[in-house]
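Here is the structure we will look at.
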Amino acid sequence: MSAEIIDGKMVAELLRNRVKEDVQQWCDKGNRPPYLQVILVGDDPASIVYTGTKTKACQQVGIQTETMVLQDTISEKELTQIIQSCNSNDKIDGILVQMPLPSHLSQHTVIETIDHRKDVDGFHPMNVGRLSLDQPCFKSCTPAGVMELLKYYSIPVKSQYAVVVGASNIVGSPMAVMLSRENSFGKATTTICHKYTRNLTAHTISADILIVAAGQPNLIKAEMVKQGVVIIDIGINRIADETHEKGYRLVGDVDFESVRKKASWITPVPGGVGPMTVAMLMKNTLLAAKKSLYPK
Ligand code: NDP
């Protein structure tokens, strides 16, 4: 047996095309194009790549965007003042502060400063809280993208046993909430694992759907999963590899070659969840422009 591949690149393209059409229709009605303000603090190479990918996607779908690059020495007060001025600027629909931030800046303070109505990343406590109540809100892009993939491939979620490995505020935790709480497509019985989980395999081996977001290359091996499992690998890890032009290659958290022999469905890395994250950001920015979630 070899798993069917979940093609995130293809599904993300479909989604981006849909957003592009919707943006066009929105503008045809006389509205200005949606506007995403990206804020990048410092010069972390991965963050530069991620913001570049997001900006490019905006341009493809007709969303206007600008990246404000700030020195990594900026104080928290200065940064929050900049965010507040974006909050009160009616021409800005969505605000994205690229994470991680330099260590002297509190991620919580920065996220809470963003107006929740412009929080297209879905990280603000208002959006996280509403998510856990299954109320309309901006949903964290990566887990929302995973839900879209499951939907696209008609992979059943309701009543399934889902295990999420990784419990971060921005990926693992909202993923578990969506799987367990969402009335529309969720309602899986869900377990969330983290570093302090005793005997990880005892949980992963029972999963019908196993979602991994730990940032640990090859954490999940074939002997840890059951036959027919659906595998969603969110992890992105750089592994040194001299045969590659860049001197490294990207791998997920799952030992793809061994696990695919037991799984029914599996996401590759790259080309699985990553492109969906960006597509969901485009969708959220359009929702922000239309004020669909928070009309006032
Ligand atoms: P974090 O480092 O914030 O969180 C990792 C989580 O995994 C933590 O909850 C941690 O536990 C848990 N964990 C770490 N090691 C183990 C282990 N051995 N066993 C069980 N749990 C473990 O990372 P993020 O959530 O931000 O990202 C996770 C991965 O997903 C990364 O590889 C990241 O690059 C990738 N990512 C991919 C995206 C995409 O678009 N595809 C988007 C965002 C992230 P504890 O809570 O106890 O510390």
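Ligands are counted one by one from 1 in listed order, and the atoms in each one are counted from 1 as well. The residues of the chain are indexed from 1 along the displayed sequence.
Put simply, the residue from T189, T190, T191 that forms a side-chain hydrogen bond (donor to acceptor under 3.5 Å, both in side chains) with Y161 is T191.
A salt bridge between R32 and D93 is present, with a side-chain N of the basic residue lying under 4.0 Å from a carboxylate O of the acidic one. Using a cutoff of 4.0 Å between basic side-chain nitrogens and carboxylate oxygens, D208 and K226 are scored as salt-bridged. The existence of a salt bridge linking E148 and K151 is confirmed by a sub-4.0 Å separation between a basic side-chain nitrogen and an acidic carboxylate oxygen. The existence of a salt bridge linking K139 and E182 is confirmed by a sub-4.0 Å separation between a basic side-chain nitrogen and an acidic carboxylate oxygen.
Using a 4.0 Å heavy-atom criterion, the residues that approach ligand 1 are T142, V165, G166, A167, S168, V171, H194, K195, Y196, A213, A214, G215, Q216, L219, I234, G235, I236, N237, V273, G274, T277.
For W26, the ring-ring contact (aromatic ring centres under 6.0 Å, His included) criterion is met by no residue, not counting sequence neighbours.
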